[in-house]
Amino acid sequence: MADLLSQLNESQQEAVKNISGPVMVIAGAGSGKTRALTFRIAYMLMQGIDAFSIMALTFTNKAANEMKERVTRLIGQTEGRNVWMGTFHAVFARILRMEAVHLGYPSSFVIYDTDDSKNVIKAVLKDLNLDPKAYPVSNVLHRISNAKSNLINDDEYINNPEIRDADFKANKPLIGEIYKGYNTRLKRANAMDFDDILYYTNVLFRDFPEILYKYQHRFKYILVDEYQDTNYAQYLIVKRIAALHENLCVVGDDAQSIYAFRGASIQNILNFKNDYPEHLLVRLEQNYRSTKNIVEAANQVIKNNKDQIKKTVWTDKETGDPISLLRASSDNEEGVLVANSIFGYRMSKQLNNKDFAILYRTNAQSRSLEEALRKQSIPYRIYGGTSFYNRREVKDLLAYFRLVVNPQDEEALLRIINYPIRGIGKTTVERLIVAANEQNSSVWDLIGDPHKIPSEINRGAISKIVDFVTMIRSFQSLHEKKNAFELASHINKSVGIIKALKEEDSPESISRIENIEELLNAIMEFSDKQFDETTGEQNQIRLADFMQDIALLTDQDKKTENDDVVVLMTIHAAKGLEFPYVYVVGLEENLFPSIMSINTRAELEEERRLFYVAITRAETKLTLSYAESRYRYGNIMLCEPSRFLDEIDESLFEQTKKASFKGTSSQPIQSFSTTNTHKPNFKPPHQAASKSATSTSTDSEFEPSDPEAIMPGMTILHQKFGKGEVLSVEGIGANKKASVRFLAFGQKQLILKFAKLKIISN
DNA sequence: GATTGTGCCCTTTTT
DNA sequence: GGGCACAATC
């Protein structure tokens, strides 16, 4: 045990040893936060504390897995496995399944992912006869999600004058009604969305004190990682469970709060002081991860934020390599430069692929990077994006499984009632939905009883519906007899998805078939590895067991054969991770910081914290990059370097590279020093594109003029931006660029080779 | 009812 | 450029 503590510095020891009472650890980036948490768990177990009485909460699956791994490394599998460690959603979904009956849910309730939720909202809009354009689905979902995160239910939402006012002003007065309809449907489908997991946990603990007491009593020790990212619902859950023993340890860093968009509030860190006046505050400020240059760059960036708790992150590591900046002319070239750089370092320094990570702001950026890595034969893996469980074919087969486990699952039913095609067409399905709504029942209950099927549906369709119901029922009857894998492969064979895909015979269908096989493999593995925690005996694993938390799995959490790969992911996904060589790409205005976030200080500061997180992932070498042009919305757009680049002092950069973006290279970036001034006029292209500008320009016989003919002073027409005046032209050949002031879009820089301009007048 | 074609959004970020 | 909703056609 002394051995354990001797591996930690003084502050870390403080964080580890004080296991009784509330503790708040404010931990700078790279200061050994996860280390402190895992050692704390190990320390508790060595003190003889029962593993079953410890709950450790994280935000991402990746962080949870990492922690599990580290704890078992310290103290071995036997005990480590018994600690309740996982994401908020995973841990409380588990509890909700045990207590579901109190909330009027079956314990087999299904968890709807974002896609399912969006489909439900679409259905509700249809129900209420609302225009989907007036109520954009993602926007509505966001509002509902926010309400749930703040524990505002549908009735409260509707009756709250402030909310009603805001919705009214936003021209969306009926969001409350949509919210209500959405909840009704979820309930009828025995489904919860992500936010419901936290919402209903709060309801459970609020309305059933004896249940709350049970868990308070059981979980005597609670740890929360990334506390700055908790929203109100999460904050309250933690507060409630911890209320009895108050052995609560939260770890956070306000500088790394990057989930405000999802309702996270730094307020929770501040509240901690009020909620637990007697708490112990520990500061971890020494960075063990990164070189001096990297730490210095991060500090320079974050000091531009007004909103922050002052702290000094420092390191006594070496100065290290300067920061590199890559400038590319296009997003594709950016990919190539990054791939070449990785290739070079890997060769000259004898590094592994897994020493490198490429981080970006949006998932869409991965494409050009992938392409370049593939050309260089550098193995890589993308985290996030369209995850395995989100692929169409996987969701299709899963929908059958869902229906077997929970036939009320409307989303699942509608997804597969006519897939593979079995002659139950759109009209029929629509009639079923209408009839179900009229009878206030689910579609499944309706078609389960042939007498209830509306008479306007023709005979042929009815017999097909009956066949479908019979098939699903036959699967259900096998559920208790077969284990998960047997039943899954039986269903897969019977429904004929593979057959349908084979008939498609396209390149994609082959990979779709592979994905289905992979899903079945995953189920087989799951069936094998599960055994009873107390007796060690192998249990019969049901399909329902496998289905439980499938919606909470995001990444390919499964291990693959080759772990030595370059890792690509969003910065959000990279939080809590570290890599020797880090590339932060796409440092351009309107991309990073995102165009969505440059209008308010709060949002911009969140972007800056995100950049801070990105920088501080690097251990030895940080490389930043940007492109001068990039595909966005199917158009090539000129980009300017991100304002964040200016916030890092020149002296930290490799000299030549920095010079280039200051505009002293052979090919100066015209826009760099001037563009900031016209920003107030800038409108996001998609916002304005639907307005008058496009109607004049999306002429079907649009014929661009020869780029060589474009001269200053001309009036031109652009397919997307409409009319504009050419202010100046510079460069030659492929590099020829024009500065154009558009009537509806303000001033823009365009590469003439791509821009497709039509001369209207000289 | 199924298949093919066409226009219209679009892109933050995660559970 | 791409995915998705809706319309036109077999």
Side-chain angles (χ1 to χ4, degrees), chain A residues 57-64 86-93 111-115 117-119 122 126 132-133 136-138 142 145 148-149 192-198 226 229-231 233-234 257-264 331 359-365 367-368 383-387 389-390 392 418-430 458 460-461 464 549-555 569-575 586 590-598 603 606-607 609-611 613-614 630-636 684-687 689-690 694 698 700 720:
Chain A
L57 300 169
T58 64
F59 275 79
T60 61
N61 294 306
K62 210 174 283 128
T87 63
F88 269 89
H89 289 84
V91 165
F92 293 107
I111 298 169
Y112 273 9
D113 66 16
T114 309
D115 277 352
S117 295
K118 284 183 175 171
N119 286 337
K122 282 180 205 161
K126 218 174 192 177
K133 282 185 190 107
V137 173
S138 52
H142 188 239
S145 168
K148 288 189 178 177
S149 306
M192 291 195 193
D193 67 15
F194 289 135
D195 301 302
D196 280 335
I197 295 171
L198 306 175
E226 312 282 11
D229 287 331
T230 47
N231 61 30
Q234 291 164 325
S257 158
I258 55 176
Y259 284 105
F261 73 92
R262 160 179 136 186
D331 46 356
L359 310 180
Y360 35 77
R361 177 67 180 85
T362 67
N363 282 304
Q365 287 166 258
R367 224 179 63 182
S368 51
Y383 284 91
T386 314
S387 81
Y389 289 105
N390 256 326
R392 196 194 79 193
N418 199 31
Y419 183 82
I421 288 162
R422 52 174 70 88
I424 306 173
K426 237 203 308 206
T427 333
T428 309
V429 171
E430 221 127 82
N458 65 46
K464 282 164 186 157
D549 294 329
I550 220 92
L552 299 175
L553 295 177
T554 44
D555 287 305
M569 62 180 115
T570 63
I571 300 163
H572 282 90
K575 188 153 79 143
N590 300 334
L591 178 62
F592 195 9
S594 161
I595 191 162
M596 314 295 290
S597 309
I598 52 179
E603 286 176 317
E606 176 146 319
E607 294 284 308
R609 290 193 295 269
L610 196 55
F611 186 42
V613 169
R630 179 177 298 276
Y631 261 111
R632 291 186 96 180
Y633 317 107
N635 257 22
I636 298 226
H686 58 269
Q687 198 178 327
S690 56
T694 24
T698 41
S700 57
K720 203 149 204 166

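Just so we're on the same page: letters track the sequence lines, and every chain starts at 1. For clarity, every value in this text was computed on a predicted model and none was experimentally measured.
- For the pair A:Asn590 and B:dT11, the criterion of a side-chain N or O lying under 4.0 Å from OP1 or OP2 is not met.
- Listed nucleotides B:dG1, B:dT13, B:dT14 differ in distance to A:Ala461; the shortest reach to its side chain belongs to B:dG1.
- Considering only side-chain atoms of A:Asn418, the nucleotide from B:dT13, B:dT15, B:dA2 that sits closest is B:dA2.
- When heavy atoms are screened at a 4.0 angstrom cut-off, A:Asp195 is found touching no nucleic acid atom at all.
- Aromatic pair A:His572/A:Phe261: centroids less than 6.0 angstrom apart.
- Put simply, the side chain of A:Asn590 never gets that close to the backbone of A:Ile595: no donor and acceptor are under 3.5 Å apart.
- When the side-chain nitrogen and oxygen atoms of A:Asn635 are compared with OP1 and OP2 of C:dG1, none of them lie within a distance under 4.0 Å.
- Where stacking is scored as ring centres under 5.5 Å apart with planes under 30°, A:Phe59 does not register as stacked on the base of B:dT14.
- Among the heavy atoms of the strands lying under 4.0 Å from A:Thr60 are primed sugar atoms or P, OP1, OP2 only; no base atom is included.
- Backbone-only engagement by A:Ile421 is indicated by non-hydrogen atom pairs under 4.0 Å involving sugar-phosphate atoms exclusively.
- Residue contacts shown for A:Tyr259 are limited to sugar-phosphate atoms, with no base heavy atom under 4.0 Å away.
- Side-chain atoms of A:Glu430 and A:Thr427 include no donor-acceptor pair closer than 3.5 Å.
- Side-chain proximity of A:Ala364 to B:dT11, B:dT15, B:dT14: nearest is B:dT11.
- Both A:Gly423 and A:Leu610 lie near DNA chain B, and the one whose nearest nucleotide falls closer to the 5' end is A:Gly423.
- A distance-only check finds a donor-acceptor pair linking the side chain of A:Asn418 to the backbone of A:Gly423 [under 3.5 Å].
- Residue A:His572 places its side chain closer to B:dT13 than to any other of B:dC9, B:dT11, B:dT13.
- Formation of a donor-acceptor pair under 3.5 Å by the A:Glu607 side chain with backbone atoms of A:Ser594 is found in this model.
- Taking the nucleotide of DNA chain B with the nearest heavy atom to each of A:Thr570 and A:Ile424, the more 5' of the two is matched to A:Ile424.
- Among the protein residues, A:Thr427 comes within range of the sugar-phosphate backbone only, with heavy atoms under 4.0 Å from sugar or phosphate atoms but none that close to a base.
- Here the side chain of A:Arg630 pairs no donor or acceptor atom with the backbone of A:Asp331 at under 3.5 angstrom.
- Under 4.0 angstrom from either OP1 or OP2 of B:dT14 there lies at least one side-chain N or O belonging to A:Asn363.
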Write down the protein N/O and nucleotide N/O pairs, taken from nucleotides 2-6 of chain C, whose separation is under 3.5 Å; answer none if there are no such pairs.
{"residue": "C:dA5", "atom": "OP1", "partner": "A:Lys122", "partner atom": "NZ", "Å": "3.0"}

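- Between C:dC4 and B:dT13, the distance separating the two P atoms is 16 Å to the nearest Å.
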N/O to N/O distances under 3.5 Å, protein versus nucleotides 8-10 of chain C:
none

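- A:Asp193 and A:Ser117 form no side-chain donor-acceptor contact under 3.5 Å, judged by distance and modelled atom types alone.
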